[in-house]
Amino acid sequence: MAKEMMKGNTAIAEAAIRAGLDAYFGYPITPQTELLEWMSVRMPELGRAFVQAESELGAINMVYGAACTGKRVMTSSSSPGISLMMEGLSYIAGTEVPMVLVNVMRGGPGLGNIAPAQADYNQIVHGGGHGDMHPIVLAPASVQEAIDLTVLAFDLAEKYRAIVVVLIDGSLGQMMEPGELPPMAPLKTAIPDWAVRGGDDGKRRTLSSIYLNPPDEEVTNLRLERRWQEVQANEVRYKEYYLEDARYVVTGFGSAGRIALSAVRAARAEGIPVGLLRPISLNPFPRQVIADLSERVEGFLVTEMNAGQMLDDVMAAVAGRKPVEFYGRMGGVVPFPDEILGEIKRMVNGQVPMSGHPRDRWLERMPRAN
Amino acid sequence: MQTEIIIAGFGGQGVLFAGQLLAYAAMEEDKAVTWIPSYGPEMRGGTANCAVVVADEEIGSPFVKHPQAAIVMNLPSLDKYEALVAPGGVLVVNTSMVDRPCQRPDITVVEIPANEIAERLGDRRMTNMVLLGGLLAQLPVVSMEAVDKALKEHLPERHQKLLPLNRQAMQEGASQPARV
């Protein structure tokens with residue numbers, strides 16, 4: 001198929017449709033609205049379900065119900081709307097039904113603003129909803145990756161009966177880039193065994209997240225944990241740039257990762273042996289790759305559009321073997337490549353202490369307004 | 001090889017569309033390209049800008065601080081981007097909307113009374129195309145033919161009759177003298 005110029009938001013929407021999305025439920029919020037808007041036109045046109053719910057709570061619970069039928073379902077929102085969905089997400093995780101969630105992150109906490117940010121990392125990757133739950137989290141950095149990972153998200157959701165989150169920031173949602181969409185896949189006709197189907201085969205099925213008897217809940221918890229081990233073993237994804245001969249590694253996900261690529265290239269042009277590791281699956285996290293790198297490189301720079309959330313996962317993987325530095329911008333402010341280049345040079349030219357926390361050192365360097 | 005361009009002006013001046021045309025043209029030429037708007041609670045008459053990056057390899061940052069070129073369609077945009085254009089770069093100024101000359105001695109400056117030219121051509125909406133022509137004459141990041149093709153494919157049906165005028169506007173802009 002030929003390439004088309006698309007915004008990240010519309011590319012994700014159309015990719016989901018081509019992947020065989022049966023039903024979309026959502027509520028508008030900037031900087032995600034084009035996704036819902038695209039769905040509102042395309043889904044009815046194709047005879048599929050589109051509902052603009054009365055709120056994000058309504059939307060996620062409609063997703064819950066529809067997911068129980070074994071159909072391909074999704075919703076999308078931006079940070080504050082995602083917070084509203086957390087209860088429903090936990091119920092969906094506890095019921096073990098597949099769904100895809102798109103979070104187009106914006107500045108926060110609270111109402112914040114509509115500018116790009118990555119500050120929902122901890123909420124999305126490390127839980128959000130209550131209970132032991134593990135969403136698979138994919139973080140594209142380009143329109144093409146957003147398309148490819150959206151299609152993958154539906155397959156993974158069904159394979160592991162899991163929630164798969166496509167996590168982007170507002171800038172990728174709003175940015176246009178050429179991308180190639182997949183051909184239209186036929187809608188799924190096979191109904192999974194676990195799905196509720198209105199008793200058409202005379203069998204009674206109940207789907208629920210309620211296990212009043214604690215040992216029963218524990219059996220479920222163990223099943224979910226073992227399934228997660230399988231995800232960890234099979235679904236780690238990342239992209240490497242210039243790492244072959246790198247002595248220093250920059251790492252960042254999504255937009256922060258691609259901005260860092262410009263900084264890494266600029267550093268390379270000055271003869272600095274630095275490479276980039278861009279995690280694509282944030283959950284499962286490419287922990288082993290980072291651990292292996294920490295055996296052979298001299299230091300890491302983590303760059304994010306938050307106060308160092310993925311930083312904690314990188315530090316856990318590096319496990320004190322090598323120094324780690326951090327650079328972040330927050331509140332909807334996007335770092336420019338030259339800021340990251342400056343941080344690379346600081347790391348390479350100076351002595352990075354092994355003691356203390358990179359977040360404290362970063363805060364020390366940031367301006368103090370009050 | 002990578003080229004970065006910022007187009008800035010008031011909302012309604014065709015800032016975002018001019019950038020999209022560049023992006024479509026770059027795609028037409030099989031180049032890697034990103035187009036990113038400044039987005040916010042903005043409206044007609046407010047300031048608007050977009051950044052376009054054209055490259056022959058995977059593009060890193062779509063955000064640009066020091067572009068090789070900028071088109072500034074009004075005074076606030078001149079004030080903001082004059083200092084940011086990379087040394088040796090190109091600044092295209094819509095002199096119809098600014099009341100001072102550009103001060104940078106180290107860049108190529110193209111000063112175009114684009115509103116007047118567009119009005120002389122009979123359609124004020126051509127202002128952005130005049131300036132785009134002025135840019136492409138100094139920085140041929142994409143060919144005029146590719147822009148032409150992009151226009152043809154992306155102008156709504158009801159505006160297709162304006163294609164020759166758009167072309168003419170670009171050529172008028174391209175024929176404007178540059179100050180090196």
Side-chain angles (χ1 to χ4, degrees), chain A residues 2-9 30-31 33-34 104 106-107 113-116 141-145 169-180 239 241 250 252 255-269 276 278 303 305 329 332-341, chain B residues 1-7 15-43 48-68 81 84 86-87 142 146-147 149-151 153-155:
Chain A
K3 283 190 174 176
E4 292 172 51
M5 186 76 76
M6 285 168 287
K7 277 192 171 190
N9 282 336
T30 309
T33 298
E34 294 87 356
V104 187
R106 58 187 242 182
N113 56 47
I114 60 175
S142 66
V143 167
Q144 186 64 59
E145 246 179 34
D169 66 79
S171 70
L172 182 49
Q174 299 295 325
M175 182 174 78
M176 284 175 87
E177 222 178 4
E180 193 176 339
K239 191 161 176 186
Y241 304 78
V250 180
S255 293
R258 75 181 286 170
I259 294 166
L261 175 59
S262 295
V264 164
R265 282 180 180 147
R268 282 257 159 192
L276 171 70
R278 182 164 61 75
T303 175
M305 282 143 61
R329 296 302 301 264
V333 178
V334 177
F336 281 108
D338 62 344
E339 296 168 47
I340 300 170
L341 177 62
Chain B
M1 179 51 194
Q2 179 167 310
T3 308
E4 301 127 0
I5 299 144
I6 285 177
I7 306 177
V15 167
L16 300 185
F17 185 63
Q20 285 178 355
L21 274 181
L22 269 181
Y24 286 126
M27 182 174 72
E28 192 65 49
E29 295 185 343
D30 223 16
K31 290 171 171 146
V33 60
T34 58
W35 171 93
I36 194 163
S38 62
Y39 70 90
E42 286 153 354
M43 60 185 95
N49 71 71
C50 63
V52 178
V53 180
V54 180
D56 51 18
E57 61 178 347
E58 180 180 344
I59 293 172
S61 177
F63 299 97
V64 177
K65 193 181 208 170
H66 298 292
Q68 273 99 327
Y81 291 105
L84 294 178
V142 294
V147 176
K149 191 148 183 247
L151 255 175
E153 278 167 22
H154 297 282
L155 265 189

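Within every chain, numbering begins at 1; the chains are lettered A, B, ... in the order of the sequence lines, protein sequences first and strands thereafter.
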Exercise for the section: Using non-hydrogen atoms and a 4.5 Å limit, figure out which bit of A:Asp338 sits close to chain B: side chain, backbone, both or neither. Expected result: side chain
Practice task
Any chance you could lay out the side-chain contact (heavy atoms from CB on, under 4.5 Å) test for A:Arg265 and B:Glu58, step after step, and finish with the verdict?
Solution key: CA-CA 11 Å; A:Arg265 282 180 180 147; B:Glu58 180 180 344; 4.0 Å; yes
Handout entry: A:Met6 CE to B:Trp35 CH2 distance, which is reported to the nearest 0.5 Å
Key = 14.0 Å
Practice task
Check for a donor-acceptor pair, side chain of B:Ser61 on one end and backbone N or O of A:Ser262 on the other, with a separation under 3.5 Å.
Solution key: no
Handout entry: Heavy-atom contact with chain A under 4.5 Å, split by part of B:Val52
Key = neither
Handout entry: Heavy-atom pair with the smallest gap, counting every atom of A:Pro178 and B:Met27
Key = CB-SD, 3.5 Å
Handout entry: Exercise: identify the closest heavy-atom pair between A:Arg258 and B:Pro62
Key = NE-CD, 3.8 Å
Handout entry: Spacing of CD belonging to A:Glu339 relative to NZ belonging to B:Lys65, to within rounding of 0.5 Å
Key = 5.5 Å
Handout entry: Distance (rounded to the nearest 0.5 Å) between A:Met175 CE and B:Phe63 CZ
Key = 8.0 Å
